[in-house]
Structure formats: C-alpha cells, structure tokens
Amino acid sequence: MDHFALVDGELFAERVPLARIAEEVGTPVYVYSRATLERHADVFREGLAGVERKHLAFAVKSNPNLAVLKVLAGRGYGADVVSAGELDRALAAGIAAHDIVFSGVGKTETEMRHALAKGIGQFNIESEEEGRMLAAVAAAMGLTAQATLRINPDVDAGTHAKISTGKADNKFGVGLHVGPGIYQRLSQLPGISLRGVAVHIGSQLLSLDPLEAAFGKIGELVAHLREQGHTITHVDLGGGLGVPYQAATEPPSPADYGALVARVTRDWDAVIQFEPGRVIAGNAGVLLTRVIRIKPGIRDPFVVVDAAMNDLARPALYDAWHDFEAVRPNGTRMTANIVGPVCESGDTFAMGRDIDTVSDGDLAIFRTAGAYGATMASSYNSRGIVAEVLVDGDRYAVVANRISPAEIMAAETVPDWL
Ligand SMILES: *Cc1c(COP(=O)(O)O)cnc(C)c1O
C-alpha cells in the first residue's frame with residue numbers, strides 16, 4: 001500500500017498535489033512519501049514478529065537519501081552499507097555505528113580503517129583474503145572487528161541475472177564447501193572476531209522457495225560450525241523481497257516471508273539480521289515527469305518525457321517495468337512507446353504500452369521508483385542530476401537539490417597546456 005492516489009481526479013502524494021511539486025521544484029523529480037516509508041518499515045517488522053531476536057538494517061544502496069535514512073532511523077532501522085560513502089550517510093542520518101553492517105566484495109583497507117574508527121557494528125566478509133586484510137587492519141589499530149562470513153549457497157534466486165547474487169559463479173560470498181575451512185582459519189587471527197554467517201541471494205525475489213533453500217543450507221552450516229567448536233551468535237539473512245512493479249505481480253508478503261524465517265530459524269539460537277531495501281523504499285517513491293511532446297511512430301506514437309535513463313536506469317539496465325500514469329488522467333487510454341530525450345535507443349521506458357492518454361506538457365509519474373532510482377542517476381548527456389522531494393502529510397521539502405549541468409561542468413578543469 002502506498003500514499004500516491006487520485007483525489008478529485010488528480011494524483012497526490014499524501015495530501016500534496018504532485019502538480020504543485022512539479023510547478024515549484026520542476027521536473028523530473030523523485031517524490032517520496034514519508035507515510036509510505038514508515039508503513040513499509042513497520043509492516044516488514046511486524047511480519048517478523050515470530051522471530052524473537054532480530055536486527056533490521058535498511059539497505060542504503062536502494063535509497064541513500066539522508067532524509068529517507070532519517071525516516072527509517074526513526075523507525076528503529078540500522079543500515080546495511082556497501083561503501084565508506086554509504087557508511088557516512090548512515091551516520092549523518094543518525095544511525096548508530098553499532099547498528100551498521102558493511103557488505104560488499106571490494107572493501108578497501110582505507111574503508112575498513114574508516115569503519116573501524118567509527119565503531120561499526122559488523123563486517124560481512126566476502127572472502128578469506130578480505131578477512132585477512134580486515135584482521136590486519138583492526139589489529140594494527142588495537143581493535144577487534146566483529147564479522148560474519150558471507151556464504152554463497154549456490155541457489156538460483158529466479159530473478160533477473162544482473163541482480164542474482166547467490167549462484168556459485170556470482171562474485172559474492174564463499175562456497176558452502178569451503179566456508180568451514182575459511183571460517184576456521186580466520187577465527188585463529190587476532191583483530192577479527194567471527195560471530196556468524198551471512199547470505200543474500202538476490203533482489204526482487206517473487207518466490208520464497210529459493211530463500212527457503214538458501215536458509216536451509218545456512219541452518220546446516222551453522223550447526224556444522226558449532227560442532228567444530230565455533231560460537232555463532234548472529235546470522236544475517238540479507239534482503240531481496242520483491243515488490244509489485246505491476247498490479248498483477250504478487251510477491252510474497254512480509255508476513256509470509258516472516259513466517260518462513262520464523263519456521264526455519266526457530267532452533268538457531270542467534271540474532272537474525274535482515275537487510276531489506278526495495279521492499280521498504282520501492283513503492284514509497286515515484287518519478288514525476290512532464291511530457292515534452294508526442295512524436296508519431298511507425299506503429300505507436302512516442303511519448304517523449306523529460307525523465308530519461310540517466311534519471312531512472314532500471315528499464316535500460318534490467319528491462320524493468322514501471323507503471324506510467326497521468327497526474328490528471330482524462331479517462332481515455334492510448335497505446336504508446338514511452339521514451340526519454342537521451343540519445344540511446346535504450347532510453348525507453350515502455351514499448352506498445354496501454355497508458356492514460358497524455359499530450360504535450362502533461363504531467364505523469366513512473367511508479368515504484370523509490371528504490372534503485374535516484375541513487376543510480378547520472379549526468380549522462382549533460383542532463384544534470386535529478387532532484388528529490390519528501391512529502392509528509394500536507395507539506396514537502398526538497399531533500400536533494402537538482403545539480404545543474406553548469407555545476408557539474410564547474411567541477412571540470414581544462415589544463416593550461418591545452
Ligand atoms: C542489495 C543488497 C540488499 C538489499 O536488497 P533488496 O532486494 O533491495 O532488499 C541487501 N543486502 C545486500 C548484501 C545487498 O547487496
């Protein structure tokens with residue numbers, strides 16, 4: 001459920017007309033709803049009511065906006081970060097260092113030192129080599145890094161190849177068969193304290209089966225590690241729960257997911273950690289855009305909007321679907337191709353789509369753009385970086401200024417030898 005709905009024939013974000021935001025901030029612009037973010041955060045937590053000891057860490061990469069992070073911090077969420085930049089954002093938003101988990105295969109020594117100095121809660125180590133580096137860095141600082149070992153369970157998440165992370169040939173984690181040996185060797189090192197294992201098999205999962213398969217393997221591994229004499233206090237189950245990009249898609253609910261987790265982890269006797277991203281932020285944001293013009297096509301007309309692949313990369317990157325709706329629908333429908341102004345054929349949001357009829361100058365939205373939207377924006381085609389707005393009841397604020405092409409150009413220099 002979200003708070004972007006028609007009121008007297010016009011789309012609102014909570015109690016703010018989207019047309020007002022377009023007028024005052026310009027387009028394209030991402031619009032987030034605080035009430036929706038909070039609702040999703042609460043529903044996800046409630047779904048996990050059957051999991052006694054848990055820790056929720058919002059996956060910052062899905063939406064790193066400071067105001068969004070502040071909203072989620074207010075709902076008791078920690079953060080899952082994948083870079084020093086994300087770590088600093090989480091801290092700046094008021095998330096306690098000990099509630100932050102650091103994931104990713106490429107943590108550098110500098111990032112490790114920075115995170116340790118800030119008192120980060122946990123590193124999710126993705127290789128033996130990384131574990132050795134972390135141990136050395138922490139020991140040199142006179143510290144002990146808390147860590148889990150990320151396991152690659154070799155399970156097909158059944159999602160888009162580019163967001164699958166749990167197959168043996170993906171770069172993430174270490175294989176089940178080598179996990180115990182690596183765990184054993186890293187446990188001998190000063191500077192690192194291994195306290196459990198982590199898993200994250202992919203994003204936009206529309207079935208619980210792959211999760212159940214992965215969690216089952218993790219449960220067996222935890223038992224095996226304990227038999228080897230290791231103390232396991234934490235198991236991180238990652239994120240990945242899908243969202244309905246189209247009304248017909250019915251992803252498992254947080255309640256179904258929570259019931260599965262409660263069932264499979266019942267005897268684990270550990271803090272169960274979660275890293276949800278998309279399921280919290282996805283439907284809490286829309287990308288508001290204006291139609292520049294309608295260009296006739298061979299078959300269907302092209303609706304050229306002022307948002308493009310540099311603002312919302314998912315369709316170009318993953319052939320992703322985003323529902324398109326007019327801000328003031330007139331009740332009629334048209335079949336059209338929806339495209340942006342960028343000079344690439346990949347800058348296409350939809351082909352032959354049945355949509356609200358729109359004409360030049362009309363406002364429209366792409367739905368479910370709150371996750372993996374603004375965070376992937378670039379200035380390709382020197383278009384500037386898209387602005388972001390947070391709505392709260394009948395008020396809103398610009399929570400990320402538009403960065404103009406001129407500002408981006410100002411960061412460049414031409415050497416005096418040219
Ligand atoms: C991307 C990612 C997440 C979040 O995934 P969602 O599908 O957005 O829930 C969680 N954990 C890790 C390690 C990730 O890379």
Side-chain angles (χ1 to χ4, degrees), residues 37 40-41 43-45 47-48 55-65 68-69 72 77-83 86-87 90 99-107 120-127 130 147-153 155 157-167 170-174 196-208 210-211 214-215 218 234-245 249 251-254 257-258 261 272-285 313-314 317-318 320 368-376:
L37 284 167
H40 291 175
V43 166
F44 189 79
R45 182 188 296 281
L48 295 168
H55 182 263
L56 303 180
F58 176 63
V60 171
K61 77 172 193 278
S62 68
N63 190 324
N65 183 276
V68 168
L69 297 182
L72 296 172
Y77 275 67
D80 169 52
V81 303
V82 295
S83 69
E86 286 192 354
L87 170 62
D99 278 332
I100 302 177
V101 173
F102 200 156
S103 302
V105 297
K107 303 177 200 80
I120 192 166
Q122 175 176 308
F123 291 86
N124 289 352
I125 294 303
E126 306 232 8
S127 64
E130 182 194 343
T148 68
L149 180 62
R150 180 167 173 180
I151 302 297
N152 184 323
V155 165
T159 185
H160 192 282
K162 288 182 184 165
I163 49 175
S164 287
T165 57
K167 283 291 288 174
N170 294 138
K171 67 179 174 180
F172 298 99
V174 302
V197 291
V199 66
H200 171 76
I201 61 169
S203 199
Q204 185 57 12
L205 271 65
L206 295 177
S207 162
L208 291 177
L211 288 171
F215 298 167
I218 293 299
H234 290 72
V235 181
D236 188 334
L237 297 184
L241 203 54
V243 299
Y245 283 94
T249 311
S253 68
Y257 171 78
V261 173
I272 310 297
Q273 301 169 295
F274 300 90
E275 304 168 346
R278 193 186 308 267
V279 73
I280 306 290
N283 275 310
R314 299 190 65 260
L317 207 52
Y318 318 126
T368 319
Y372 307 104
T375 183
M376 288 191 189

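Counting starts at 1 for both ligands and their atoms, in listed order.
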**By salt bridge (charged side-chain N to carboxylate O under 4.0 Å, His left out) - contacts of K167 (at least two apart)** =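 If we apply the salt bridge (charged side-chain N to carboxylate O under 4.0 Å, His left out) test to K167, skipping adjacent residues, the hits are D154.
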**Item:** I163 CD1 to Y372 OH distance, which is reported to the nearest 0.5 Å
**Value:**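 I163 CD1 to Y372 OH: 8.0 Å, rounded to 0.5 Å.
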**Request:** Could you give me the CA-CA distance, side-chain angles and deciding distance for L56 and L48, then say whether side chain to side chain contact (heavy atoms under 4.5 Å, CB included) is met?
**Result:** CA-CA 10 Å; L56 303 180; L48 295 168; 3.7 Å; yes
**Request:** Among E275, H200, R150, find the residue that satisfies the side chain to side chain donor-acceptor pair (under 3.5 Å) test when tested with N124.
**Result:**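 With N124 as partner, E275, H200, R150 yield a single side chain to side chain donor-acceptor pair (under 3.5 Å), made by E275.
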**Asked** Is it true that the NZ or CZ of K107 lies under 6.0 Å from the centre of F123's six-membered ring and within 45 degrees of the ring axis?
**Response**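 No, K107 and F123 do not form such a contact.
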**Item:** 4.5 Å side-chain heavy-atom contact, Q122 and Q273
**Value:**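 Yes. Closest side-chain heavy atoms under 4.5 Å.
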Does ligand 1 have any N/O atom under 3.5 Å from a protein N/O, and what are those pairs and their distances?
residue	atom	partner	partner atom	Å
ligand 1	7 (O)	S203	OG	2.3
ligand 1	7 (O)	G240	N	3.4
ligand 1	8 (O)	R278	N	2.8
ligand 1	8 (O)	Y372	OH	2.6
ligand 1	9 (O)	G240	N	2.9
ligand 1	9 (O)	G277	N	2.9
ligand 1	11 (N)	D80	OD2	3.3
ligand 1	11 (N)	E275	OE1	2.5
ligand 1	15 (O)	K61	NZ	2.7

